[in-house]
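Since the structure is predicted, the reported quantities are computational estimates derived from the model, not experimental observations.
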Amino acid sequence: MFENDRFFSHLSDMEREMTFRTEMGLYYSYYKTIIEAPSFMDGMWLVMKDNVTEFPNTINVLKRFNLYPEVFLGMGFRSFDSITKWMGIKTKQCYKVNRGQNLPPVANCEGIGDPSYFYVTAIFVEQGIMMAIFFLFGYYLSNDIFGGLITVMAFFFNHGECTRAQWTPPLRESFAYPVFVFEMLLVTHCLRSTVSTWKHVISIAAAIVAFMLPWQFAQFALLTQIVAVFGTYTLGYINTDKMKCILIAHSLGLFTSFVFLFGNEMLFTSFYAAALLSLWVVIMLEPIINKLPHYIITFIGQIFLLLVGTVGFKFLLSCLLSATDDAHIGNLFKSKFTGYQDFHTMLYTCAAEFDFLEFKTILKLSYSLLIPSAIIVTIVVVYHFGVLEYNIWQTYISNEKDEDESKDVNLPPVPRPKPHAELLYHVFQLAAFTIMALIIMRLKLFFTPHLCLMCSLFASKQLFSFLGTRTRQYSIVILLIALMGVSGISQLRSQWNIKGEFSNGPQEELLEWIIAKTPKAVELHDVNVGSGTVAYSLESIGLMPVS
């Protein structure tokens with residue numbers, strides 16, 4: 001799809017870098033800086049002491065822009081290029097391309113040995129690994145291989161609504177989201193396990209670090225996760241030890257990310273960090289909270305502490321660290337429901353991806369049967385928990401009556417943990433992702449794939465045992481995949497049929513003129529000011545100072 005849209009293989013180096021518009025060009029420029037530096041450490045020094053992006057200011061872009069993917073890709077390309085040259089392996093083929101339209105011919109290199117090819121190929125490989133993780137995730141959640149199959153097929157049938165990697169590879173989400181899928185799988189495994197160990201803590205914490213380093217918005221997804229896990233805790237589906245295990249992993253991941261991002265204050269002043277502190281307070285106060293006279297009062301008390309504590313800690317941390325860098329995020333949500341406007345909110349809300357979820361997206365997901373299927377699964381799961389809660393409550397009431405009749409009978413506590421915490425977690429997680437997607441369309445990245453994952457439960461023998469034999473259940477799953485494919489294949493074909501070729505002669509001419517006329521010496525204080533598209537292209541192509 002990426003090749004069909006841009007004809008990337010036949011573009012010159014300048015044209016390829018011009019296809020990385022706005023912030024994508026900015027990210028690529030640092031990758032280019034690292035691979036073109038005399039050594040890897042020289043490249044690291046240049047990105048950590050960058051005076052090109054916000055000239056004349058010097059900034060540490062690893063702290064500012066979450067650029068660890070470019071660091072690892074730069075190191076990977078330098079190693080790959082050195083090894084293949086030493087072994088005499090040819091990794092690219094170069095030739096001239098006649099472009100027509102009164103444009104001069106350009107030199108072109110095709111193959112993984114080309115820096116831009118290596119860059120986008122690594123991203124697409126990660127997307128492929130993500131699909132393998134989704135298959136394993138669906139299989140693990142449903143305990144059936146058909147669960148993995150329906151998850152992957154649903155993703156492909158709704159590919160255009162699940163990811164943007166095929167059109168905009170360098171965006172942070174292309175690097176970060178696959179890691180988050182793996183992290184959710186680890187959390188699911190932890191919730192299903194009988195005993196929580198330090199293996200769970202270390203593995204989840206490592207995945208959290210790998211998720212947070214590439215993307216500054218990772219904190220919001222992780223915030224929804226700890227709230228969803230806390231929901232399973234308040235309802236008695238996990239015990240205190242397991243809740244502590246998850247909190248330790250998140251706390252360790254947050255602190256490690258803070259260190260690797262050179263003390264990025266936005267991490268410690270985020271709602272995610274404030275919610276973590278609040279949850280630790282709730283856990284520490286558990287002996288006192290459990291003395292409250294009724295389970296409902298206990299539940300309300302825990303939720304109240306979480307909400308008040310999160311807001312309070314957020315305000316306190318922001319004041320202590322004098323951090324206002326993330327104020328625009330709160331203002332963005334404020335502008336969604338009020339008439340509030342400022343420069344940043346207008347800048348964001350003028351872009352379609354930051355608007356509310358479009359109705360046509362809901363229609364697309366409904367025509368492909370993804371939303372109806374996920375709704376059916378959610379209803380069955382909720383019914384399953386409703387029956388479980390009713391049976392537990394009936395047992396509890398019966399024991400209360402026995403205690404009234406005989407004072408020698410001790411009333412047993414409501415059992416904790418209750419079974420199938422991982423299913424309840426995914427219901428809460430889906431609810432959170434749904435709210436996120438409805439408010440900000442760009443965040444459907446989390447919502448749509450999770451709908452696909454929930455569809456895997458159609459293959460669950462335990463949840464859909466009422467369908468009868470396994471043969472009948474498999475037949476229904478296969479029929480569902482076939483019906484999804486009616487609309488899904490049509491949507492895939494519409495993406496496959498997008499044919500194009502990138503060409504922007506006027507901008508190319510402008511960039512060449514600026515590069516030719518602008519001295520390279522930074523000490524001359526020559527700086528280029530312009531739109532994001534032009535400025536970031538200049539930084540990527542000419543490594544020139546912009547502001």
Ignoring hydrogens and geometry, is there a side-chain-to-backbone donor-acceptor pair from Thr234 to Phe299 under 3.5 Å? no
Salt-bridge criterion met for Arg64 and Asp50 (N-O under 4.0 Å): no
Heavy-atom closest contact (Val201 atom, Cys245 atom, distance): CG2-SG, 3.5 Å
Between His159 and Phe156, how do the two ring planes meet: parallel, tilted or perpendicular, split at 30° and 60°? parallel
Option among Glu358, Glu173, Glu161 that satisfies the salt bridge (Lys or Arg N to Asp or Glu O under 4.0 Å) test with Lys444: Glu161
Count the heavy atoms belonging to other residues, nucleotides or ligands that lie under 6.0 Å from CZ of Phe124, then report whether that count exceeds 12. yes
Give the C-alpha distance, both sets of side-chain angles, the deciding distance and a yes or no for salt bridge (Lys or Arg N to Asp or Glu O under 4.0 Å) between Glu265 and Lys63. CA-CA 10 Å; Glu265 296 85 359; Lys63 176 181 178 180; 3.7 Å; yes
Under the side-chain contact (heavy atoms from CB on, under 4.5 Å) rule, what do Lys244 and Ile283 come out as? Steps first, then yes or no, please. CA-CA 8 Å; Lys244 285 182 178 179; Ile283 295 299; 3.5 Å; yes
Taking the six-membered ring where the residue is Trp, are the ring centres of Phe135 and Phe137 under 6.0 Å apart? no
Taking the six-membered ring for Trp, are Phe211 and Phe180 parallel (under 30°), tilted (30 to 60°) or perpendicular (over 60°)? parallel
Of Tyr28, Tyr27, Phe2, the residue whose pairing with Tyr119 passes ring-ring contact (aromatic ring centres under 6.0 Å, His included): Tyr28
Do the ring planes of Phe20 and Phe8 sit parallel (below 30°), tilted (30 to 60°) or perpendicular (above 60°)? tilted
Might you point out which heavy atoms bring Ser278 and Thr310 nearest each other, and give the distance in Å? OG-N, 2.8 Å
Using 4.0 Å as the upper bound for N to carboxylate O, is an ion pair formed by Arg172 and Glu70? yes
When you look at Met130 and Phe182, which way does the side-chain contact (heavy atoms from CB on, under 4.5 Å) test go after all the steps? CA-CA 8 Å; Met130 180 183 71; Phe182 181 63; over 6 Å; no
Are Tyr177 and Phe446 close enough that their ring centres sit under 6.0 Å apart? yes
Let me see the working for Arg6 and Glu17 under salt bridge (Lys or Arg N to Asp or Glu O under 4.0 Å), right down to the final yes or no. CA-CA 12 Å; Arg6 289 170 172 79; Glu17 293 173 19; over 6 Å; no
Check for a donor-acceptor pair, side chain of Ser270 on one end and backbone N or O of Leu267 on the other, with a separation under 3.5 Å. yes
Taking all non-hydrogen atoms of both residues into account, name the closest pair between Gln219 and Tyr272 and its distance. O-CB, 3.6 Å
I'd like to know if the side chain of Thr448 pairs up with that of Asn158 as donor and acceptor (distance under 3.5 Å, no hydrogens or angles considered). no
Does the side chain of His384 pick up a donor-acceptor pair with the side chain of Gln462 at under 3.5 Å? no
Residues Tyr367, Lys364; criterion side-chain contact (heavy atoms from CB on, under 4.5 Å); working and verdict: CA-CA 5 Å; Tyr367 290 152; Lys364 274 186 180 180; 5.6 Å; no
Leu185/Val181 under side-chain contact (heavy atoms from CB on, under 4.5 Å): CA gap, chis, key distance, verdict: CA-CA 6 Å; Leu185 175 58; Val181 176; 6.0 Å; no
Identify the two heavy atoms, one from Gly160 and one from Gln495, that lie closest to each other, and give their separation to 0.1 Å. N-NE2, 3.1 Å
Taking the side chain from Gln216 and the backbone from Asn66, do they hold a donor-acceptor pair closer than 3.5 Å? no
Backbone of Gly253 reached by a side-chain donor or acceptor of Thr256 within 3.5 Å: no
